[in-house]
Student: 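Dropping a structure here in structure tokens format, bear with me for questions.
Counting from 1, the numbers follow the sequence of the chain as shown.
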Amino acid sequence: NVTSLLDVKGMTADLFGRICNEVTTRSDQFRLLIVAQALQDLDRDGVFNEAAGDRILAHAARDVVVDRSPLTDADTREARFTVSIRE
């Protein structure tokens, strides 16, 4: 977060105000924690309530790091990239 710069020794509100539009927290590396669950909702109310007998039928979790730095975009009109994650 750019506002974390305010925690840097010597950083003043005035200096931060002058440089904040020139600083970015953009990164080419991302850590993704992905969790998926298949649930049984016995009363079909859309709320998971274990006390009412609802159960987790399946659970999967993945912790991956994605590095998009080698990606290029041949079509400059397209603003999205597709990233495939292989384990």
Side-chain angles (χ1 to χ4, degrees):
N1 186 323
V2 174
T3 59
S4 295
L5 287 174
L6 291 169
D7 297 331
V8 174
K9 186 176 180 176
M11 180 62 67
T12 64
D14 180 58
L15 178 57
F16 178 79
R18 287 184 286 152
I19 68 169
C20 67
N21 289 330
E22 306 299 324
V23 179
T24 181
T25 57
R26 182 174 180 258
S27 177
D28 285 331
Q29 292 81 32
F30 300 90
R31 181 176 181 196
L32 306 173
L33 176 58
I34 304 160
V35 177
Q37 294 179 325
L39 305 176
Q40 180 182 38
D41 182 9
L42 287 180
D43 58 7
R44 297 182 182 193
D45 66 350
V47 177
F48 182 77
N49 183 352
E50 200 168 9
D54 294 348
R55 297 184 312 140
I56 299 173
L57 301 176
H59 175 93
R62 297 290 181 266
D63 188 358
V64 296
V65 175
V66 176
D67 181 357
R68 68 178 183 177
S69 61
L71 297 175
T72 60
D73 189 1
D75 184 356
T76 57
R77 295 171 293 165
E78 181 60 57
R80 297 174 290 162
F81 286 107
T82 301
V83 177
S84 298
I85 300 172
R86 295 187 184 114
E87 294 185 53

Student: Looking at residues at least two apart in the chain, or sitting in another chain, which of them share a side chain to side chain contact (heavy atoms under 4.5 Å, CB included) with Asp63?
Tutor: Arg31, Leu33

Student: Looking only at heavy atoms, what is the nearest atom pair of Cys20 and Gly17, with distance?
Tutor: SG-O, 3.9 Å

Student: Please list all pairs meeting side-chain hydrogen bond (donor to acceptor under 3.5 Å, both in side chains) that have one or both residues in residues 45-58, counting only residues at least two apart or in different chains.
Tutor: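 Counting only pairs at least two positions apart or across chains, the side-chain hydrogen bond (donor to acceptor under 3.5 Å, both in side chains) contacts touching residues 45-58 are Gln40-Arg55.
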
Student: Would you kindly confirm whether Val23 and Leu15 end up in one hydrophobic cluster when ILVMFWY residues are joined by side chain heavy atoms under 4.5 Å apart?
Tutor: yes

Student: Of all residues at least two apart in sequence or in a different chain, which pass the side chain to side chain contact (heavy atoms under 4.5 Å, CB included) check with Asp14?
Tutor: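 Only Thr12, Arg18 meet the side chain to side chain contact (heavy atoms under 4.5 Å, CB included) criterion with Asp14.
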
Student: If the condition is side chain to side chain contact (heavy atoms under 4.5 Å, CB included), which residues does Ala61 pass it with, not counting sequence neighbours?
Tutor: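 Checked Ala61 against side chain to side chain contact (heavy atoms under 4.5 Å, CB included); matches are Val35, His59.
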
Student: So, using side chain to side chain contact (heavy atoms under 4.5 Å, CB included) as the criterion, who are the partners of Glu22 when residues are at least two apart?
Tutor: none

Student: Give the minimum heavy-atom separation between Ile19 and Met11, together with the two atoms involved.
Tutor: CD1-CE, 3.9 Å

Student: Would a hydrophobic clustering, with Ile, Leu, Val, Met, Phe, Trp and Tyr connected at side-chain separations under 4.5 Å, put Leu42 with Val47?
Tutor: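 They do not share one cluster, since no chain of ILVMFWY contacts under 4.5 Å joins Leu42 to Val47.
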
Student: In Å, rounded to the nearest 0.5 Å, how long is the span from CZ of Phe16 to CG of Leu6?
Tutor: 5.0 Å

Student: State which residues pass side-chain hydrogen bond (donor to acceptor under 3.5 Å, both in side chains) with Thr3; sequence neighbours excluded, sorted by chain then number.
Tutor: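 Here the qualifying residues are Asn1.
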
